[in-house]
Every structure is written in C-alpha cells, then in structure tokens.
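So the structure is just underneath, and the comments pick up after that.
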Amino acid sequence: MTKAFLTSFFFVISYISFAQNSDISIFITDSETNEPLLGATVYFEELEKGAVTNFDGIATFTEIPNGNQTIKISYVGFKTIETTIEIGTKKVFSFKLESGGNELDEVVIQSSRSTRTVRKIPTRIEFIGAEELSEKAVMNPTNISMVLRESTGIQMQQTSLSSGNTNIRIQGLDGRYTQLLRDGFPLYGGFSSGLSILQIPPLDLKQFEIIKGSSSTLYGGGAIAGLINMVSKTPDEEPALDIMLTQTQALGSTANVFYSKRNDKFGVSLYGSGHYQKAYDPEDDGFSNLPKTTSISFNPKFFYYPSEKTTFWFGLNGTYDDRIGGDITKIESGENGIHQYTEENVSKRLSSQAVYETQIDSVSSLNIKNSISFFDRELTIPDFTFDGKQTNTFTEINYQKSANKTDWIFGANLYTSDFDENDNATLQRDQTDITYGAFVNNIYDISDNWILETGLRADYNTDFGFFPLPRVSLLYKNDSGFSSRIGGGLGYKIPDIFTEEAEFINFRNVLGIDKSSLNAERSYGVNLDFNYQTRLFETVGFSINQLFYVTAINDALLLNSTDNGFFQFENATDEILSKGAETNIKFTYKDFRWFLNYALIDTRLNYLAGNPQKPLTAKHNAGSVLMYESEKWRIGYETFYTGKQFLSNGTETTDFITMGFVAMRNFKWGTTFVNFENFTDRRQSRFSPLVLPPHDNPEFPEIYAPTDGFIFSVGVIIKPFGNEDDD
C-alpha cells in the first residue's frame, strides 16, 4: 500500500510539473499487479528518441513536438505496444503491459516433450531463435555448422581435408555421442553422420534446441553427450517467400528458396537449396582446402487441419551431394604424373516424416509419428572404394496429459537401422539393429519456486539387451531473477563402425562390429547451472549463466590396429571422463547486445597411462560477440579464442584467435548483407602443414584449426511479400 501510494503521489506531482513545460512523461505498469516496471524501453520511432523507465516506472522526454507521435514500448517477458499519442496539452501518458511477449521465457521448447516454457522446465535447454538463425544463415547459408560452432562448449571437428567431413562434439565427446534431430526425428546419424552437418541448410529452420548431457531417457540411445533438435518453420495464414542468393570470394555460390502458406484446412511449405563450390586452395600447395562441391536439397511439407484440435503433416527431405577434393590438377585436368590423389564423396539422402497430433480434450493430447530415412554414399580414394546404403526407421506414439501442477507423458517407440555394404567389397560390414523402447516422464510443481522432473526409459536391443535409463532434474526459481537447475541421468550407445577414427582412415581395413565380443557403451552424467538476470544502472540489462558438468563413459568403443594390418573395435578398459564448466554473460543497452562466453573442457582418457587429455580437444575456449540491432541494421563483430590442443601423437598445437564481421541492411523488399568470416585469415597451414609428401600418395595430419581461412561473402534476401523487420 505504501509503495502504491508513493507511486500515485509521484505520478500526480509529475503531471502538475510537466504541465508547466514542454517535457512529457510516460508511465509504465504491470497490467496484473499495477506495479511500476523498472527498465521498460520507450522509443519515439520518427524522432529516433528513446528512454528507459526509472524505479517508479516513468520515462521522461524533452523537446517532443506537438502533434501525433508513434511510440513503441517493450519490456522483457511482456507484449510490446506500438501506438500513437497526441502531444499537446496532455504531458503525462500511462500504459499497462501484459505478460506473454515473445522473449526466451515464453518460448515453448519441443525437445522437452512438454508444452512448458523455458522458465518452467527443470531440464537445462539452450535455445537459438529465428533472429540469431537468420544471422548465422548469412554467415554460412550452405549448412548449419556456423550455428553450432559458435555455441559455448560445442566444437565442430573436421575429419577430412579433402571432403570437409565434419562431426559435432559437445563438451569434448565424439560426434557419435550427440543425437541430431529434426522436428523430433533422428535422421542424421550412423553412416551419414560425417556429412550430415554439411548437408543441412539453415533457411527453413526457425529454432534450435540444445540439451547437453545425457538425454537418452527422452530420445533413446545415442544422446550421451546431448541432443540438438532443429525445428522447421511452419506455414501461417500470411504467405512467406524468401529467396536468398550468396556469393563468396572463394568461388562458392548458393541459392535458397523457402515458401509457406496455409488456409483453414490445408498448408504447405516448400524449400529448395543449391550450392556450387569450386575447389579452393588458399595456400597454393596444390591441394584443395575446400572441395569441389555440387549439392542440391529439397524439403516439401504438406499440412492438413481437419479441425482446430488436430493436425496431420507429411514431409520429405532429399539431398544429392557430390564433393571431390585433393590434388587440384587432377580435379581440374585429370590424372597426370604425380597428380593422382583425390577423395570423392557422392551421397544421396531421402527421408520421409509423418506426424499426427490431436488434442483429445483441454488437458490431454495424442501424437503418432513415423520416419523412414535412406542414405547412399560412395567414398572413393586411389585404389579403394567404400560403398554402402543405410536405411533407418523410427516410429513413436505418445500420450500427454497436464493437470494443475503436473505434466505427464507416456510413450513407446521402435527404431531400426540396417547398413548394407556393396556386395563387391572385400570386408562385408553389414549391420542390422532393432531397438524397442518405452518411456514415461513427469514434471511436477512442488511450489511456485520448486519444480521436479523425473523420467524413466526402458530400451531393449535385440543384440545387446536391456537398458534401464532413469533421469531426474530439479529447478529452483524466484521472482528476483535467479534460478538454478541440477539434473542427471544414464545413457547408452549401440556400437557401429561409423566413428571419427574410422572416418579419418576412410574405413579402409576396418573390420566390422563383432557383436559377440563387444559391449554397448554406457554413460552417466550430472549438470548443475545457476542463472541470474537483472538491470544495471537502470539502462543496462545483465544476465549470467554458469554451468558445471561431468559425464563418464564406460566400455567406450576404440579402434585399434591388429598384427595383420587391419583395425578392429574393442571396448576401453577404463572410462572416458569429461568434466568442465561453461560461462555465458549477456549485456544489453538499447540496440546493443554483448555476449561473452568461456568453456573449460577437461576430457580425460582414463584407459591410457597418465589419463591424458583427449586429442583435438582444446581445454580453454572463449568468445565475444557484439551486436547492434535496429529496425534497419544488424551489425555484428565476433572474436573467438581456441586454446592449445594435443594431437594423437602427443604433440601440442598452438592456440589461435579468429574474428568475424557481419552487416545486414533491411529494406521493405528484403535484406542485403556482407560477411567477413575469419578476416584475420587464421588457418592451420600458418602453424603446421596440412599435407605431407609424397605428392602422389600424400599423408594428411589431424585437423585442429580452420583450413579455409578468410572467407568473404555478399548476398541478398528477397522477400516479395515484405520484410517484417523493416520499419
């Protein structure tokens, strides 16, 4: 009562005072509590004048001309108001903001398998929204590697100089321990994993959801290090058409087209992408750093809405990708003398997704989904070809029910994987796996401040047996901007031959999986994080997230040489232990945002003498991103530090810093952009050779730094239906 009285008193005094001069006052309160809002932004668009409300919820302006003026009022977690006020005899204006703006806390995360927002989910989930995705698409329109590379604690590990094959590492763990999902479907693992990241264009994606640490309880085997769920754009009643054209100085050309539209009963989204890259050799050493690439992708989806409560959609993903790298002379002119070495990957991908979801009543829903994924790849190097096809299927049914304080989800699924190597191959490494799963997950509001999440999955693999996978997470939050989460769970991974070590040697002389002598990999992990957000000096927003984690893997799959020149898989005699910390800090001031991050990654191979650090894993990583974003401009400057690493032979590498700059200008018809990626031209060849002699049969050292160096790109995004970001 006292605060309300003082606020009202101040408001009346302000009104009397401002009536005597040309100044005006904007008074902002919460529509539910009527409390003043500290830190709300008030902006006069035509005058380009802005101010932030003080402790009493008031923003003051001077020299505002009489007449109609358009103002925009925004505040974190509240709906933005844009309206017109008349300046004249009235000098004080009051507005009430309603909660539910499109800020992070209001985003519904699909990978959590619930309909809760980020703020109310005990599982720690990192979110990358449409705005940041559009910036990363400008930096690299051909694939999603840029989105992932600049996320704290995530490393993109290139395994081949000639083909560019790249795996994702979360918190120092190999790519096979991360599950890549698209709209909840596991489409990109197994045989295709080394090329998957290079074959997923970003333009038709609206958000990324990243869960670090064991997530096998939610999505089954393979999510030991975590999972990444890529969520596709869906059609709205207003049509959308984006045409994106990009050209680089490294002779790469890319075109992306996305269209979507829906009516009462039907909807459609259509996406197509084409990319051509000429073989690129910035060192002039005669070998390509970027392979000659021809890639075409398409992704049509069709939606049917029989009622307001039911949706059925069906989609296809198709990719043809031909990339050849190695000796530039052979690529351009054919084999000639010592010019003999190339590595060529020709791959074809086709997958289908079908989803039926219906709201049974106000508190329960039913979802049925199925996908079939086919991947065909032929890898050719001199005197050797690895050729095979893999077909995966995934079927799931789940039932969700929400009550006043608790959410339940029950489900069952079937996952099959069948790899068939070419019958002419000397080593037949065919493998078929079938896994049945059932799961239950519960989120319970203990109180306004405490939320508990528990889950249990039971998977049965026909060759490796039964896997019980419990998990638990606890969230504490309060109204002062502080929250904390702690959680942990178990995980597992069925062995297959598609590891980074096997990819590095092009699967040559690699023996198949002996299911009778190998165990499935098993893991346990725990995450603890702390979050705090507030405002500094009334005008500066501040938030910090501090994460601590530990993940251990038992029976890790190793590739060891034999006495007769072959390589066979064995289980490690001790665990891989990855522990560390991640720090993310954000400052905001008007149209400026500054992100700072640091990752400590300490991944130890305890099965080796001395428990050495895992090769090609930098222990220290840091980054800084400064962004300016207005209605017309987006300008960003990035700096990233990668610490020293160890190679497999124990050699310590150098640390290095990369920098980037991007500028985007919005118009009513679309956007133009320029991007300077790695403009200081840091690349591995400046520190150590990328290719070792002899020229006709070269050796390729391990890759620990960028190989392509500075890349300059320029492009345009054409929006025939108008650009929403233009004022």
Side-chain angles (χ1 to χ4, degrees), residues 7 10-11 14 18 23-65 68-87 90-107 118-119 127 129-132 134-135 479-481 532-544 585-595 625-636 664 666 724-727:
T7 300
F10 184 92
F11 181 68
S14 298
F18 287 126
D23 297 347
I24 69 166
S25 172
I26 309 293
F27 182 45
I28 311 298
T29 58
D30 185 331
S31 63
E32 294 184 4
T33 65
N34 288 322
E35 290 291 319
L37 290 179
L38 165 65
T41 300
V42 182
Y43 185 72
F44 284 84
E45 295 185 338
E46 295 179 0
L47 303 177
E48 296 186 348
K49 283 189 174 184
V52 176
T53 56
N54 59 20
F55 181 79
D56 298 294
I58 295 177
T60 58
F61 294 86
T62 60
E63 300 180 356
I64 301 297
N68 292 334
Q69 300 289 346
T70 300
I71 65 170
K72 186 175 183 179
I73 303 170
S74 59
Y75 188 67
V76 174
F78 289 79
K79 294 181 180 179
T80 298
I81 293 177
E82 187 166 358
T83 187
T84 300
I85 60 175
E86 183 178 357
I87 307 298
K90 186 176 181 180
K91 302 298 183 181
V92 179
F93 302 84
S94 61
F95 296 92
K96 296 181 181 294
L97 295 188
E98 297 180 357
S99 62
N102 53 356
E103 297 294 332
L104 178 62
D105 285 350
E106 299 302 323
V107 174
V118 172
R119 181 171 169 77
F127 173 81
E131 185 176 274
E132 187 173 353
S134 66
E135 295 166 3
D479 295 332
S480 64
Y532 180 67
Q533 62 179 13
T534 187
R535 300 200 71 85
L536 307 175
F537 316 113
E538 296 188 358
T539 59
V540 179
F542 170 80
S543 65
I544 182 171
I585 298 173
K586 176 182 177 181
F587 293 94
T588 60
Y589 174 73
K590 294 184 178 179
D591 293 331
F592 291 91
R593 296 184 297 160
W594 186 24
F595 301 89
V625 178
L626 179 62
M627 294 294 303
Y628 170 80
E629 296 183 354
S630 67
E631 300 291 340
K632 293 183 178 181
W633 287 95
R634 293 183 186 176
I635 301 173
M664 305 170 62
N666 290 332
E724 295 180 357
D725 292 331
D726 186 66
D727 62 3

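Since this is a predicted model, take the numbers as computed values, not measurements. The first residue in the sequence is number 1, and the count goes up from there.
Considering all non-hydrogen atoms of both residues, K590 and G50 come closest at NZ-O, 4.3 Å. Between A51 and A59, the shortest heavy-atom contact is CB-CB, 4.1 Å. The nearest pair of heavy atoms linking S134 to R634 is OG-NH1, 2.8 Å.
A heavy-atom distance below 4.5 Å is found between the side chains of L97 and I81. Looking only at side-chain heavy atoms (C-beta outward), T70 and E82 come within less than 4.5 Å of each other. Side-chain contact check for T80 versus K72: some heavy-atom pair is nearer than 4.5 Å. Side-chain atoms of I64 and F44, non-hydrogen and from C-beta on, do get closer than 4.5 Å to each other. Side-chain contact between F61 and V42: present, with at least one pair of heavy atoms (C-beta onward) separated by less than 4.5 Å. I87 has its side chain within reach of F93: a pair of non-hydrogen atoms, C-beta onward, lies under 4.5 Å apart. In this structure, F95 and I71 have side chains that are in contact, with non-hydrogen atoms separated by less than 4.5 Å. Between E629 and D591, every side-chain heavy-atom pair lies at or beyond the 4.5 Å cut-off.
Here the side chain of T53 pairs a donor or acceptor atom with the backbone of A40 at under 3.5 angstrom.
In this structure, K96 NZ and T29 OG1 are separated by 3.5 Å, a value rounded to the nearest 0.5 Å. The distance from the CG atom of L37 to the CD1 atom of I58 is 12.0 Å, given to the nearest 0.5 Å. In this structure, F595 CZ and L626 CG are separated by 9.5 Å, a value rounded to the nearest 0.5 Å. Expressed to the nearest 0.5 Å, how far CD1 of I635 lies from CE of M664 amounts to 11.0 Å. Between atom NZ of residue K49 and atom CD of residue E63 there is a gap of 5.5 Å, rounded to the nearest 0.5 Å. Here NZ of K91 is found 8.0 Å from CD1 of I24. Values are rounded to the nearest 0.5 Å.
Between F587 and F542, the ring-plane angle classifies as tilted under the 30° and 60° cut-offs.
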